[in-house]
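Notes follow the structure.
Everything numeric in this text was worked out from a predicted model, so none of it was measured.
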Amino acid sequence: MKLIFLVFLLVLPSRDVDIVQLELNSPHISIFKDYENGNFVQKVNSRGKSVHITLENSDFLNLNLNHRVIIDNTYISGIKKDVKNLVSKLHENNITLKTYLSNISFFLKDNIKYWENSPFKKADEVIIFKRANCIGFSSLVRELLNSAGIRNRYIKGFYLDPVDKGIFNPIPHKWLELYLPSGASFFYDPQYQGFTANYIVLDNDIDFKTIRKFKVKIVSKRRKLIN
């Protein structure tokens with residue numbers, strides 16, 4: 001039995017999972033829902049006038065992203081020249097999704113600067129002017145993913161920005177959910193070139209303008225190793 005257990009440890013990859021419990025003083029209890037995909041879990045529990053949310057997050061690069069991605073020549077024939085050139089620069093022969101995402105992340109980190117009020121929303125504009133907010137970052141990466149036949153969609157929610165010890169300010173935010181050939185999905189945030197437990201997911205049809213400002217407090221935070 002011990003031998004079998006050791007074999008499983010060697011075959012199955014281990015990964016760290018961050019588990020964070022949050023307390024929200026938001027009056028909008030109904031807008032928070034349970035959500036789960038390959039690298040993120042959100043569980044909501046309403047308690048009186050407050051909302052308690054448990055988040056679990058792991059690095060998406062620990063998922064099985066080793067399948068080959070191939071350029072969709074039909075799709076890239078209809079995109080702007082600057083985007084097409086970037087796809088050629090970031091994509092290599094026999095490239096895996098893991099490597100393609102890493103190449104995208106390195107490019108964004110080295111070339112695109114965050115600008116909260118950026119007017120540049122389209123992929124080619126972001127490449128030319130090298131400035132973007134979360135929408136511009138996501139628009140560019142969507143084009144890069146679509147060009148490689150990788151299904152994806154926008155996700156709406158909050159990024160938890162620390163303002164004091166254990167206190168966070170939820171910032172309206174958008175990022176991406178990517179779909180694997182198996183149908184499994186995971187989160188990737190182009191603006192921060194990764195994904196952490198500092199997010200709260202909302203339904204995409206919720207209007208940020210209807211949500212009153214609120215604060216988020218961390219109740220507990222820990223990390224565990226799972227197979």
Kindly say whether [Y] contributes a backbone atom to a donor-acceptor pair with the side chain of [X] at under 3.5 angstrom?
X      : Y      : result
Ser77  : Thr74  : yes
Asn198 : Leu160 : yes
Asn103 : Phe106 : no
Glu36  : Asp34  : no
Ser50  : Asn25  : no
Asp161 : Phe168 : no
Glu143 : Leu140 : no
Asp82  : Ile127 : no

Notebook entry, point to check: Taking only residues two or more places apart in sequence or in another chain, which ones pass salt bridge (charged side-chain N to carboxylate O under 4.0 Å, His left out) with Arg153?
Noted result: Glu177
Next item on the list: Output all residues satisfying salt bridge (charged side-chain N to carboxylate O under 4.0 Å, His left out) with Asp18, sequence neighbours left out; order by chain, then residue number.
Entry: Arg223
Next item on the list: Answer yes or no: does atom NZ of Lys80 have more than 12 heavy-atom neighbours from other residues, nucleotides or ligands under 6.0 Å?
Entry: no
To the nearest 0.5 Å, what is the distance between [atom1] ([X]) and [atom2] ([Y])?
X      : Y      : atom1 : atom2 : answer
Phe32  : Ile206 : CZ    : CD1   : 8.0 Å
Ile76  : Ser88  : CD1   : OG    : 6.0 Å
Arg222 : Gln21  : CZ    : CD    : 7.5 Å
Leu24  : Ser46  : CG    : OG    : 10.0 Å
Ser102 : Leu61  : OG    : CG    : 5.0 Å
Ile71  : Lys84  : CD1   : NZ    : 11.5 Å

Margin query: Under the criterion side chain to side chain contact (heavy atoms under 4.5 Å, CB included), I'd like the reasoning laid out for Asp72 against Asn146: C-alpha separation, chi angles, the key distance, then a yes or no.
Written below: CA-CA 8 Å; Asp72 185 338; Asn146 291 338; over 6 Å; no
Any non-hydrogen side-chain atom of [X] less than 4.5 Å from a side-chain atom of [Y]?
X      : Y      : answer
Gln193 : Phe107 : no
Ile218 : Ile167 : no
Arg212 : Pro27  : yes
Tyr159 : Tyr192 : yes
Leu22  : Leu55  : yes
Val126 : Ile128 : no
Val216 : Phe214 : yes
Ile135 : Lys121 : yes

Checklist line | Distance-only polar pair, side chains of Thr99 and Thr96, donor-acceptor under 3.5 Å | finding: yes
Notebook entry, point to check: Do His173 and Asp189 have side-chain N/O donor and acceptor atoms under 3.5 Å apart?
Noted result: yes
Linking I/L/V/M/F/W/Y whenever their side-chain heavy atoms sit closer than 4.5 Å, directly or via other members, would [X] and [Y] fall into one cluster?
X      : Y      : value
Leu178 : Phe195 : no
Leu63  : Val17  : no
Val163 : Ile171 : no
Ile31  : Ile155 : yes
Leu180 : Tyr154 : yes

Compare every heavy atom of [Y] with every heavy atom of [X], then report the nearest pair and how far apart it is.
X      : Y      : answer
Pro170 : Lys215 : CD-CA, 4.4 Å
Leu176 : Pro190 : CD1-CG, 3.9 Å
Val83  : Ala123 : CG2-CB, 3.8 Å
Gly38  : Ser58  : O-OG, 4.3 Å

Margin query: Under the ring-ring contact (aromatic ring centres under 6.0 Å, His included) test against Trp175, which residue among Tyr188, Phe158, Tyr199 passes?
Written below: Tyr199
Check: Quick one: which of Phe187, Phe186, Tyr35, Phe60 gives a ring-ring contact (aromatic ring centres under 6.0 Å, His included) with Phe40?
Finding: Phe187
Note to self: Leu101 vs Leu145, test: side chain to side chain contact (heavy atoms under 4.5 Å, CB included). Steps then yes/no.
What the structure shows: CA-CA 9 Å; Leu101 281 176; Leu145 295 174; 4.2 Å; yes
Margin query: Whether Arg151 engages the ring of Tyr179 as a cation-pi pair (distance to the six-membered ring centre under 6.0 angstrom, angle to the ring normal within 45°) should be assessed.
Written below: yes
Checklist line | Cation-pi geometry met for Arg131 and Tyr114 (6.0 Å, 45°) | finding: no
Notebook entry, point to check: Could you walk me through whether Val87 and Leu144 pass the side chain to side chain contact (heavy atoms under 4.5 Å, CB included) check?
Noted result: CA-CA 6 Å; Val87 172; Leu144 299 176; 3.7 Å; yes
Note to self: Here's a test for you: under side chain to side chain contact (heavy atoms under 4.5 Å, CB included), which of Thr54, Ile53, Leu202 qualifies with Gln42?
What the structure shows: Ile53
Item checked: CA sep, side-chain torsions, deciding dist, call: Lys156, Phe208, side chain to side chain contact (heavy atoms under 4.5 Å, CB included) -> CA-CA 9 Å; Lys156 178 184 288 186; Phe208 282 128; 3.1 Å; yes
